Amino acid sequence: MENLEQVWININKEFIKTEGSGAYKKDKRGGAFLHLSSRMIEVPSSKINLCLEEIGYSDKKILHLIRTYIDPQLFKEWVYKISQTLLKFGVIESDYFLNTGYKSKHGHGPCLIGMGFKTVPLNRLTIYFRSLEFPQKSLADFLLISAICRYLEGKFGDKVEILLFISDLWMKATIARFYLIYKYPEDIEYSDEVFNKDVQKGWNSYILGDKEPSFSKYKSQVKFFNAKRAGLVKPVSGVDRFYETLVKEVK
């Protein structure tokens, strides 16, 4: 896949086509889930032109995500070690690793576990995910990764490629509706019958229908859909905003 944006697009399409991949009832609201197999993905370019608003987030997600995964002091020390090694030896043959998610309160641990950087055979940022949720959180994570690549490119000059290790790729029916809104007015149906039934139930009842949503996530979907249908979604929180915020946080 040529860039991060294409990775995000292709995996969302794969979720649409997958069947029998573990759609099951799990949470207290009865939501169905889909899972894909573990992945290792080489990504030549960190380019991604999407924005948070296109998937129902606001710019508030930027600072929250950076402060969840990036400790400013540890990040600066990581970049300093890289720069000093390059000055001394000219290359980095084995990853300098940075732990992330030190503030994560998830019972299973942080979704983004860490990242490593080396320059042999090329400048590469390796990203390790314990878990990656589509479509929403994955887009925000990819925007952050792209901003980190831009930061490293500014420090060390050459383009930074990406290697993704993802243990679990998953999607929840209630969150899949954000993707339907993103693609609207295109009709989206998931091949897995159990999953699609759950997605369409909420879509037809309170997004297209007149049922009043009770949960905050559902209310945000209705608000997002109405804004999308009225042409009021303004995609402004992209890589530039992530990069600007990252630079301020680690200065």
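Counting begins at 1 with the first residue of the sequence. Values in this document were obtained by computation on a predicted structure and should not be read as measured data.
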Are the side chains of Leu36 and Ile11 in contact, using a 4.5 Å heavy-atom criterion? yes

If you round to the nearest 0.5 Å, how far is CD1 of Ile70 from CG of Leu98? 6.0 Å

Val222 to Pro213 - nearest heavy-atom pair and separation: CG2-CG, 4.0 Å

Atom pair OG/CG of Ser38 and Leu169 - distance to nearest 0.5 Å: 7.5 Å

With heavy-atom distances below 4.5 Å as the criterion, would you say the side chains of Leu74 and Asn99 are in contact? no

Could you give me the CA-CA distance, side-chain angles and deciding distance for Arg39 and Leu164, then say whether side-chain contact (heavy atoms from CB on, under 4.5 Å) is met? CA-CA 8 Å; Arg39 302 295 164 88; Leu164 298 174; over 6 Å; no

Determine whether Ile92 and Leu86 satisfy the following criterion, side-chain contact (heavy atoms from CB on, under 4.5 Å), listing intermediate values before the conclusion. CA-CA 7 Å; Ile92 298 174; Leu86 288 174; 3.9 Å; yes

Side-chain touch Leu122/Lys159, heavy atoms, less than 4.5 angstrom: no

More than 12 heavy atoms of other groups within 6.0 Å of Glu77 CD: yes

Cluster question for you: counting only ILVMFWY and a side-chain heavy-atom cut-off of under 4.5 Å, with indirect links fine, are Phe97 and Ile162 together? no

Whether over 12 other heavy atoms sit under 6.0 Å from Glu93 CD: no

Can you establish whether the number of heavy atoms outside Lys76 located under 6.0 Å from its atom NZ is more than 12? yes

Indicate yes or no for a side-chain donor-acceptor contact from Glu53 to the backbone of Val236 under 3.5 Å, with no hydrogens or angles considered. yes

The reported gap from CD in Glu133 to CH2 in Trp170 (rounded to nearest 0.5 angstrom) is 4.0 Å

Report yes if the side chains of Asp59 and Leu52 come closer than 4.5 Å at any heavy-atom pair, otherwise no. no

Would a 4.5 Å heavy-atom cut-off, applied to side chains only, mark Asp141 and Phe129 as touching? yes

Any heavy-atom pair between the side chains of Leu143 and Leu50 that's under 4.5 Å? no

Roughly how far, to the nearest 0.5 Å, is the CG atom of Leu208 from the CG atom of Asp210? 11.0 Å

Closest heavy-atom pair, Lys217 versus Phe178, reported as atoms and distance to 0.1 Å, is CD-CE1, 3.5 Å

Only pairs under 3.5 Å count here: list side-chain donor-acceptor contacts from residues 241-251, not counting sequence neighbours, and write none if there are none.
residue : atom : partner : partner atom : Å
Thr245  : OG1  : Arg241  : O            : 2.8
Glu249  : OE1  : Arg67   : NE           : 3.0
Glu249  : OE2  : Arg67   : NH2          : 3.2

NZ/NE/NH1/NH2 to OD/OE distance under 4.0 Å, Asp240 and Arg150: yes

CG of Leu139 to CD1 of Ile55: how many Å apart, nearest 0.5 Å? 6.5 Å

Can you tell if the side chain of Lys155 reaches within under 4.5 Å of the side chain of Tyr151, non-hydrogen atoms only? yes

Heavy atoms only: give me the nearest Gly116-Trp78 pair and the separation to one decimal. C-CZ2, 4.3 Å

Relative to the ring of Tyr218, is the ring of Tyr206 parallel (under 30°), tilted (30 to 60°) or perpendicular (over 60°)? parallel

Quick check against the 3.5 Å criterion: does Arg130 have a side-chain atom that pairs as donor or acceptor with the backbone of Ile113? no

Pair Asn12-Met171, side-chain contact (heavy atoms from CB on, under 4.5 Å): steps then yes or no: CA-CA 9 Å; Asn12 275 293; Met171 180 180 286; 3.6 Å; yes

If you compare all heavy atoms of Gln200 against all heavy atoms of Ile188, which two are closest, and at what distance to 0.1 Å? NE2-O, 3.1 Å

hydrophobic_cluster_shared for Leu180 and Ile207, side chain cutoff 4.5 Å: yes

Check: Tyr96 ring centroid to Phe117 ring centroid under 6.0 Å: no

Output field: ring centroids Phe195/Phe15 closer than 6.0 Å: no

Taking every non-hydrogen atom, the tightest pair across Ile48 and Phe142: CD1-CB, 4.0 Å

Quick check: is Tyr184 connected to Val233 through a chain of hydrophobic side chains (ILVMFWY, heavy atoms under 4.5 Å apart)? yes

Using atom types as modelled and distance alone, determine if a side-chain donor or acceptor of Glu153 lies under 3.5 Å from a backbone N or O of Val160. yes

Suppose we call two aromatic rings close when their centres sit under 6.0 Å apart. Are Trp203 and Tyr190 close by that rule? no

Quick one: are Ser167 and Tyr128 in side-chain contact, heavy atoms under 4.5 Å? no

Lys47 side chain to Glu5 main-chain N or O, any donor-acceptor pair under 3.5 Å? no

For Leu163 and Arg124, work out which heavy atoms get closest and say how close. CB-CD, 3.8 Å

Any donor-acceptor pair under 3.5 Å linking the side chain of Thr126 with the backbone of Met115? no

Decide if atom OH of Tyr80 counts as having more than 12 heavy atoms of other residues, nucleotides or ligands within a radius under 6.0 Å. no

Looking only at atom types and distance, does a side-chain atom of Trp8 sit under 3.5 Å from a main-chain N or O of Phe134, one as donor and one as acceptor? no

Ignoring hydrogens and angles, state whether a donor on the side chain of Tyr57 or Ser237 is under 3.5 Å from an acceptor on the partner side chain. no

Okay, side chain of Asp198, backbone of Ala173: is any donor-acceptor separation there less than 3.5 Å? no

Spatial distance of atom OH (Tyr69) from atom NE2 (His64) [nearest 0.5 Å]: 8.0 Å

Can you list the steps and then say if Phe156 with Val79 is a side-chain contact (heavy atoms from CB on, under 4.5 Å)? CA-CA 10 Å; Phe156 308 123; Val79 173; 4.0 Å; yes

Answer yes or no: does atom NZ of Lys137 have more than 12 heavy-atom neighbours from other residues, nucleotides or ligands under 6.0 Å? no

Any donor-acceptor pair under 3.5 Å linking the side chain of Ser205 with the backbone of Lys201? yes

